[in-house]
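Remember, it's a predicted structure, so these values are computed and weren't measured experimentally. Both backbone and side-chain heavy atoms feed into the values below; hydrogens, waters and symmetry mates do not. So that the names make sense, note that chain A is the first sequence line, chain B the second, and so on, each numbered from 1.
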Number of protein chains: 2
Amino acid sequence: MSEKPKFIYDFEEGSAEMKYVLGGKGANLAEMTRIGLPVPPGFTITCQTCNAYYQAGNKFPEGLDEQIDEHLPQLEKKMGKTLGDPKDPLLVSVRSGAPFSMPGMMETVLNLGLNDDSVRGLAELTRDERFAYDSYRRFIQMFGKVVMKVDGELFEHALRAKKEERRVRLDTELTADDLKELVAAFKKIVREETGKDFPTNPRIQLGYAIEAVFKSWNIKRAVDYRRLYKIPDDLGTAVNVQTMVFGNKGSNSATGVAFTRDPATGEKVRYGDYLINAQGEDVVAGIRNTEPIMKLEEEMAHAAAELFKIMDVLEKHYRDMCDIEFTIEQSKLWMLQTRIGKRTAAAALRIAVEMEREGLISKEEAVNRIDADQLDQLLHPQFDPKAKVEVLTKGLNASPGAAVGAVVFDADTAETRGLDGHPVILVRWETTPDDLHGMVAAEGILTSHGGKTSHAAVVARGMGKPCVCGAEKIKIDTVNKLFSVDGTVVHEGETISIDGTTGSVVLGPVPLVPPTPSAEFDTILNWADEIRKIGVRTNADTPEDAAKARRFGAEGIGLCRTEHMFLGDRLPIVQKMILSDDEAEVNRALEDLLKVQKEDFVGIFRAMDGLPVTIRLLDPPLHEFLPSGEDLRVEVTKMELTGAPEAEIAEKRKLLDAVQRMSEMNPMLGLRGCRLGIVWPDIYKMQVRAIMEAACEVKSSGGEPLVEIMIPLVSVVNELKVLREESEQVADEVIATYKQDIPYKVGTMIELPRAAITADDIAKVADFFSFGTNDLTQTTFGFSRDDIEGKFLPRYLERKILPANPFETIDEGVAELVEMGTNLGRRSNVDLKVGVCGEHGGDPASVKVFHKIGVSYVSCSPYRVPLARLAAAQAVMGEAKSDSR
Amino acid sequence: MSEKPKFIYDFEEGSAEMKYVLGGKGANLAEMTRIGLPVPPGFTITCQTCNAYYQAGNKFPEGLDEQIDEHLPQLEKKMGKTLGDPKDPLLVSVRSGAPFSMPGMMETVLNLGLNDDSVRGLAELTRDERFAYDSYRRFIQMFGKVVMKVDGELFEHALRAKKEERRVRLDTELTADDLKELVAAFKKIVREETGKDFPTNPRIQLGYAIEAVFKSWNIKRAVDYRRLYKIPDDLGTAVNVQTMVFGNKGSNSATGVAFTRDPATGEKVRYGDYLINAQGEDVVAGIRNTEPIMKLEEEMAHAAAELFKIMDVLEKHYRDMCDIEFTIEQSKLWMLQTRIGKRTAAAALRIAVEMEREGLISKEEAVNRIDADQLDQLLHPQFDPKAKVEVLTKGLNASPGAAVGAVVFDADTAETRGLDGHPVILVRWETTPDDLHGMVAAEGILTSHGGKTSHAAVVARGMGKPCVCGAEKIKIDTVNKLFSVDGTVVHEGETISIDGTTGSVVLGPVPLVPPTPSAEFDTILNWADEIRKIGVRTNADTPEDAAKARRFGAEGIGLCRTEHMFLGDRLPIVQKMILSDDEAEVNRALEDLLKVQKEDFVGIFRAMDGLPVTIRLLDPPLHEFLPSGEDLRVEVTKMELTGAPEAEIAEKRKLLDAVQRMSEMNPMLGLRGCRLGIVWPDIYKMQVRAIMEAACEVKSSGGEPLVEIMIPLVSVVNELKVLREESEQVADEVIATYKQDIPYKVGTMIELPRAAITADDIAKVADFFSFGTNDLTQTTFGFSRDDIEGKFLPRYLERKILPANPFETIDEGVAELVEMGTNLGRRSNVDLKVGVCGEHGGDPASVKVFHKIGVSYVSCSPYRVPLARLAAAQAVMGEAKSDSR
């Protein structure tokens with residue numbers, strides 16, 4: 001027979017390590033007790049008990065009541081008081097406490113143990129009848145609402161009625177007699193609403209209160225919160241039963257919250273607030289103005305000294321900034337809670353760096369303390385936190401940072417106004433590569449459609465430009481140049497503000513505050529660089545982005561997309577190349593493109609001088625460079641019906657024919673990537689020539705270009721074999737002409753399952769692999785990211801069919817293909833370099849997965865380079881931790 | 001030091017097994033020599049020598065000339081004649097002979113050894129000056145053209161000129177003197193065209209002729225042929241140097257070809273033709289009327305007896321029907337070639353069955369003798385082979401069989417006319433699910449777009465309906481209801497004929513001959529059933545198809561698609577279900593669908609009584625059931641410009657909005673399959689209810705339905721978990737209501753890479769897997785089969801980037817995922833049934849791969865069931881063969 005489970009731990013029995021048993025609050029109360037700090041005694045019912053409660057079908061598991069009946073008398077003995085004692089009653093609080101903080105999500109009952117008898121004892125003992133009946137009134141109100149499910153508004157209503165009757169404004173102006181009447185009124189409410197009397201037996205009160213906390217684990221707001229913060233549902237909550245202490249017993253009592261350092265700036269100063277003669281909730285509620293913590297020295301020197309000493313002890317003990325709650329009851333200090341304090345990104349950096357300098361933590365710990373996702377906050381302008389904003393609507397927080405500008409609805413207008421120096425926000429249903437020039441010119445992008453990896457989002461993140469996408473309430477009317485949200489109409493030219501960090505859209509201008517990466521930012525990242533084992537490159541298509549990323553610490557370019565070089569003022573040339581039947585004209589177009597692309601590459605090689613630059617040959621289907629067939633059909637229809645000249649119609653129809661011939665049902669799976677290179681070899685040859693000529697010119701002017709040519713979308717080794725041969729031929733020809741010694745590599749994207757599965761074959765003709773995890777995720781799942789994010793991904797996350805958006809954080813199945821491809825590839829080519837250049841390269845959780853797989857580097861958009869550097873270092877430490885387990 | 005390679009084998013040295021060394025012809029000449037048949041002596045230069053020739057840079061490899069100089073004198077000694085001897089010259093033929101027959105693709109030189117001296121010897125020896133000079137003339141002509149690359153037309157021209165000069169019509173009317181003059185004229189042509197004299201040295205002639213055969217391995221038509229028949233390029237051709245014998249030495253000479261059985265019917269009778277006093281090419285050329293082989297007994301009793309005896313010997317020796325070439329030179333019979341004879345599908349069956357009965361071969365061998373692809377011929381009507389047809393254009397042979405009907409351009413007209421009993425051919429740019437009712441009503445389908453796995457092709461094959469698709473020269477003008485091909489215009493209502501076996505399109509009616517599967521057909525397939533280890537099911541969506549497939553031997557339904565049940569007259573209900581905002585209306589639509597689907601399932605369960613029926617819940621995206629958004633936009637534009645009533649425009653615009661909201665960039669990767677089931681649970685619930693109610697009703701009327709519910713497009717185990725629970729709930733409810741004991745299974749398609757990779761997880765909640773290899777191929781490669789077949793697949797096959805169309809024959813990378821999924825799945829669920837229901841299930845080469853992986857069954861369209869049965873049996877034997885290696 002198995003031993004009976006231990007449901008309950010006295011505070012003396014636990015420690016900080018036991019948070020999965022005792023919850024965060026319980027574990028830290030135990031820890032403080034353990035190290036001798038003044039904690040009101042109590043005990044904790046474990047998280048596992050909560051699970052057992054649910055497993056038993058919402059019933060106390062067998063033995064729990066018995067264990068309560070053992071621990072409660074011990075507590076009573078410890079305190080010399082008895083629950084419900086009419087002379088000297090013990091009062092307790094009953095509080096939730098899960099392994100991870102879920103502030104305010106679950107239930108709490110205070111002052112438990114009061115009834116018509118014990119309230120008199122309390123009054124006599126404290127010589128404060130008003131205090132006693134106010135406590136009783138509060139208890140009935142809280143218990144009635146939380147445990148007995150009475151509508152809280154009924155109590156509030158009775159309270160208001162009483163105040164009106166007494167013609168007073170504040171609760172505190174009610175007398176003891178008023179409160180006695182209120183107690184009676186509250187009990188009547190309970191009886192009328194529940195058909196039951198308010199329970200007078202404190203032991204029964206306690207049982208109900210514990211059950212209410214168990215139940216609150218699964219109320220909607222708690223479940224939603226867990227989903228949002230990815231907290232597992234099966235952790236359960238602990239229940240802390242603790243002796244009540246009172247900060248509202250006169251002017252020698254107080255209550256407050258404090259941090260051992262400033263959580264906003266990280267400065268090493270005590271930080272916090274307190275209130276004399278108040279209860280904890282009063283501090284948080286902000287009814288009265290609190291005093292800064294340092295003033296406590298003046299008002300209660302002794303207690304303050306003890307508190308400050310304890311704060312120092314706690315910080316040293318936890319080796320981190322602590323967040324504490326305390327109460328002073330008639331000059332006696334009690335610690336009610338401590339935990340590692342939340343902090344802003346800037347504070348996190350400063351605290352970590354200063355603690356390392358103080359010798360409190362190691363460099364590794366300092367690096368590990370920083371939340372990589374949070375770093376992002378530091379790199380983009382923000383809405384001024386002091387500004388009052390009224391949010392018009394919200395979309396997805398697709399690319400961080402805030403922007404303010406006039407609304408425009410098309411890329412051309414954005415470009416014209418933007419180049420004239422007027423800040424604009426480009427508002428589109430969704431963006432396409434055609435909108436690129438407008439996106440470049442805009443301060444920010446707002447779309448009503450598409451997810452976090454939609455075109456707008458990806459491109460905006462790549463540019464480090466704020467973007468809110470998928471703001472579905474926005475109805476765009478491009479004809480009348482306006483959009484509306486629930487009746488509010490915004491015309492072209494009106495100013496809006498968007499915050500890509502939160503997804504907010506605000507009508508009118510919001511003041512912005514600039515990013516201020518601190519010295520600590522660089523310090524932490526330099527430490528991270530010392531620790532990490534995988535490289536960090538950037539995805540950059542322009543010299544500007546390359547330079548920016550290099551400043552952020554990128555060690556080369558992992559993905560330089562060339563399709564952007566086919567857009568803007570080059571689009572007409574590209575269209576000629578695609579559509580012309582005349583070989584000479586096609587060749588002229590290719591020549592023109594060669595010239596301009598060469599310039600692009602020269603700029604990029606210069607910006608990345610001495611660092612490797614991986615250039616991907618053209619990837620998207622050619623029809624992306626042509627107008628939409630649907631629009632053309634509508635135009636032709638219009639021209640026919642409005643009697644346009646026959647020749648013009650014929651011209652337009654010819655274009656329509658060409659576009660229709662090239663149209664595809666599933667462009668993502670069509671004629672693109674290396675398939676283009678095989679069907680239209682001249683484009684790739686032109687690109688290779690442009691790359692190599694650029695490299696030769698940079699080299700001849702003293703630079704050091706490190707060229708890596710990347711063939712996209714390979715599924716079969718022969719594709720790479722053929723295109724590698726053709727590329728080498730052109731490259732060697734250029735090298736011979738320029739008489740320059742340019743070493744170059746030829747490699748491929750691994751972005752299709754078949755490529756990963758047959759990576760051993762492919763690696764035989766590749767110098768490097770770069771996993772395109774965006775496309776690989778699409779084909780591994782059969783998910784089109786253009787389509788699924790708005791359509792079913794939200795529902796999948798809600799129903800927990802997927803743990804996360806696989807386009808944000810690498811999925812385990814996709815990761816398995818990355819691992820398979822890496823291992824197979826290296827098996828047949830030991831020198832193979834393996835990178836990751838999908839969006840996942842900038843996602844901290846994914847970077848850890850890639851580190852574990854053992855890739856050579858990750859590559860991400862410039863603004864995410866610092867995150868990746870940090871995450872890569874943290875991955876090393878995470879590994880060490882699991883090794884030592 | 002390695003031994004010198006042996007480049008040459010005398011016929012006495014080889015055997016039939018050596019075809020990869022000696023080529024097919026050489027190996028069989030050696031074999032016949034070995035078993036003592038009268039073969040004109042000679043030797044064979046190996047296929048490896050041909051490769052060595054290319055490796056040496058188009059030069060004879062070192063030692064080849066020396067070996068020729070050893071073997072030639074031996075041959076001369078054997079024959080008692082010498083090459084070029086002016087008295088008694090040895091003449092030889094120099095013929096190609098690859099390991100696989102490539103009839104007429106490579107070069108041959110006859111009568112080699114003649115020059116101005118030896119021709120006189122030949123004349124004297126044969127006492128036939130005309131014969132000698134005709135041989136010489138032919139030699140110069142052939143050698144000049146083949147070896148010296150003189151335009152053959154020049155010789156023909158000179159020959160015609162001579163005949164005109166002599167005022168004769170036939171070559172044979174020219175005299176010896178005429179021929180002497182022609183010899184001189186031919187030599188002059190050679191000198192003028194090549195600047196060189198015709199070589200007189202026979203040894204030099206021989207060297208050149210051998211080289212010419214080597215070179216002919218890589219001429220365009222030979223390379224094309226190899227590509228077509230998938231013959232590897234690195235096999236090389238052998239060169240056979242053989243003593244000439246002459247069937248044109250008078251009336252006691254003859255030449256002919258024969259088969260040991262009738263290659264058209266398989267009947268056990270000698271079959272063939274001969275000509276008295278003729279050379280081999282005369283028989284083939286059809287200049288003179290040949291005599292049937294049995295007549296030879298009357299004309300040359302002795303030679304005939306010997307020939308017939310040899311034919312019997314050969315058939316017994318090769319244990320198969322043989323195809324032979326012979327020459328009788330002055331009453332002496334010579335065997336010039338033998339090989340296993342080609343035969344029609346019907347003949348193959350009869351020969352195999354009869355040989356088994358004769359005790360010549362085993363059942364296994366009989367089964368192994370049938371080419372599974374060829375079987376297909378027997379199941380569909382054909383153009384009458386006797387009909388003279390003029391092909392208008394050709395498309396892809398997408399679905400076998402021939403059809404004749406009036407051209408129609410839309411499905412509705414096809415249906416109306418078809419139901420009225422008028423045969424029609426539906427001609428479309430490409431078909432969509434909306435065309436289904438028209439396809440059902442049509443005799444055959446012709447499309448100008450799309451490949452062999454396009455919608456039209458797949459659906460037509462499923463229906464066993466002839467289809468020619470991707471006939472790109474056809475320009476369809478639906479407005480004027482006509483199509484044109486290179487200027488020929490065909491209007492709606494005109495009759496055309498199509499042959500889906502060959503891809504031909506013919507203007508006007510062609511007489512058809514019906515399929516006549518013989519008794520042998522069933523015999524062979526029954527033997528196959530005894531041998532094979534994997535099951536064969538069918539893909540069938542209607543009771544008719546199910547019944548048909550059952551007659552062809554299907555052991556159940558592996559894939560019953562339900563989307564077809566949403567089309568035709570049900571489409572309006574489906575559209576209401578999709579578009580209505582009114583819950584009651586949606587529910588009514590679902591109720592209506594429930595009723596009709598239930599009827600469908602009742603019919604299918606009855607047709608497959610006692611056999612398992614796997615029903616796939618709805619798979620395609622819902623927008624496939626709606627009109628095209630592009631068409632709607634054009635319509636709205638038209639209505640606006642033509643001033644249609646505002647209310648009508650508004651109505652249309654509302655529909656357009658709805659369609660646009662549902663539109664997807666890549667529908668293949670969008671909201672379809674189980675994703676639909678999760679987002680719109682009511683559809684799946686309705687389908688499960690319809691299935692289970694149908695099963696209960698069938699069971700209560702004495703039937704035995706075996707229900708398998710299949711969830712499509714699962715990528716994550718949780719999708720299946722959720723939908724399985726929901727399905728079971730409905731199913732168990734129906735079972736309880738009907739009080740019937742219906743066992744049912746719930747399983748899933750494995751058609752996404754992630755599903756295969758995580759099959760161990762998925763198998764925990766699946767009773768069976770069915771690999772959807774069409775979709776799996778799409779996502780593994782990132783190929784959209786709707787897009788790639790016309791666009792780049794042909795180029796990929798041509799450049800050998802892929803060995804075959806992966807949508808026809810399973811690709812090795814995709815097969816690896818099938819194997820991985822099968823093994824992982826069975827590891828966590830030992831009872832897991834694993835099927836394959838993609839198109840590959842009916843492809844013999846793929847069936848062999850699936851057998852090897854060890855799936856439980858394959859499933860294919862009804863008409864391919866016999867092929868799959870045969871291929872599955874052959875796979876067992878192929879395995880035994882490789883085991884014993």
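- Between Asp787(A) and Leu671(B) the shortest side-chain heavy-atom distance does not fall below 4.5 Å.
- Proximity to chain A is absent for every atom of Ser628(B), based on heavy atoms less than 4.5 angstrom apart.
- Using a 4.5 Å cut-off between heavy atoms, Leu641(B) touches chain A through its side chain atoms alone.
- At a 4.5 Å heavy-atom cutoff, the contact between Asp811(B) and chain A is made by side-chain atoms alone.
- Ranked by heavy-atom pairs under 4.5 Å with chain A, the first of Arg675(B), Arg672(B), Lys638(B) is Arg675(B).
- In this structure, Leu669(A) and Leu669(B) have side chains that are in contact, with non-hydrogen atoms separated by less than 4.5 Å.
- Within the 4.5 angstrom heavy-atom criterion, only side-chain atoms of Glu816(B), from C-beta onward, approach chain A.
- Across Arg661(B), Lys721(B), Met662(B), Arg795(B), the residue that shares the most heavy-atom pairs under 4.5 angstrom with chain A is Arg795(B).
- Note on Arg633(A) versus Glu635(B): no salt bridge recorded, every NZ/NE/NH1/NH2 to OD/OE distance being 4.0 Å or above.
- Within the 4.5 angstrom heavy-atom criterion, only side-chain atoms of Val716(B), from C-beta onward, approach chain A.
- Ile801(B) contributes atom CD1, which lies 9.5 Å from atom OG of Ser715(A) (distance to the nearest 0.5 angstrom).
- Looking at Val722(B), the atoms closer than 4.5 Å to chain A (heavy atoms on both sides) all sit in the side chain, from C-beta outward.
- Of the listed residues Ala755(B), Gly813(B), Gly782(B), the one with more heavy-atom pairs under 4.5 angstrom with chain A than any other is Gly782(B).
- A heavy-atom distance below 4.5 Å is not found between the side chains of Met665(B) and Glu430(A).
- When Leu676(B), Asp761(B), Asp631(B) are compared by the number of non-hydrogen pairs under 4.5 Å with chain A, Asp631(B) comes out ahead.
- Side chains of Ile757(B) and Leu817(A) form a contact here, defined as non-hydrogen atoms less than 4.5 Å apart.
- Annotation: maximal heavy-atom pairing with chain B below 4.5 Å, among Thr780(A), Val714(A), Val636(A), occurs at Thr780(A).
- Atom CD of Glu472(A) is surrounded by 12 or fewer heavy atoms from other residues, nucleotides or ligands within 6.0 Å.
- Atom CG of residue Leu752(B) and atom CZ of residue Phe783(A) lie 8.0 Å apart, to the nearest 0.5 angstrom.
- With a 6.0 Å radius and a threshold of 12 heavy atoms from other residues, nucleotides or ligands, Gln660(A) has its CD atom above the threshold.
- For the set Thr637(B), Ile678(B), Thr758(B), the entry with the most heavy-atom pairs within less than 4.5 Å of chain A is Ile678(B).
- Contact annotation: the side chain of Thr779(B) never approaches that of Pro753(A) to less than 4.5 Å [non-hydrogen atoms, C-beta and beyond].
- With respect to the salt-bridge test (charged N to carboxylate O, under 4.0 angstrom), the residues Arg799(B) and Glu726(A) qualify.
- Between Val679(B) and Phe792(A) the shortest side-chain heavy-atom distance falls below 4.5 Å.
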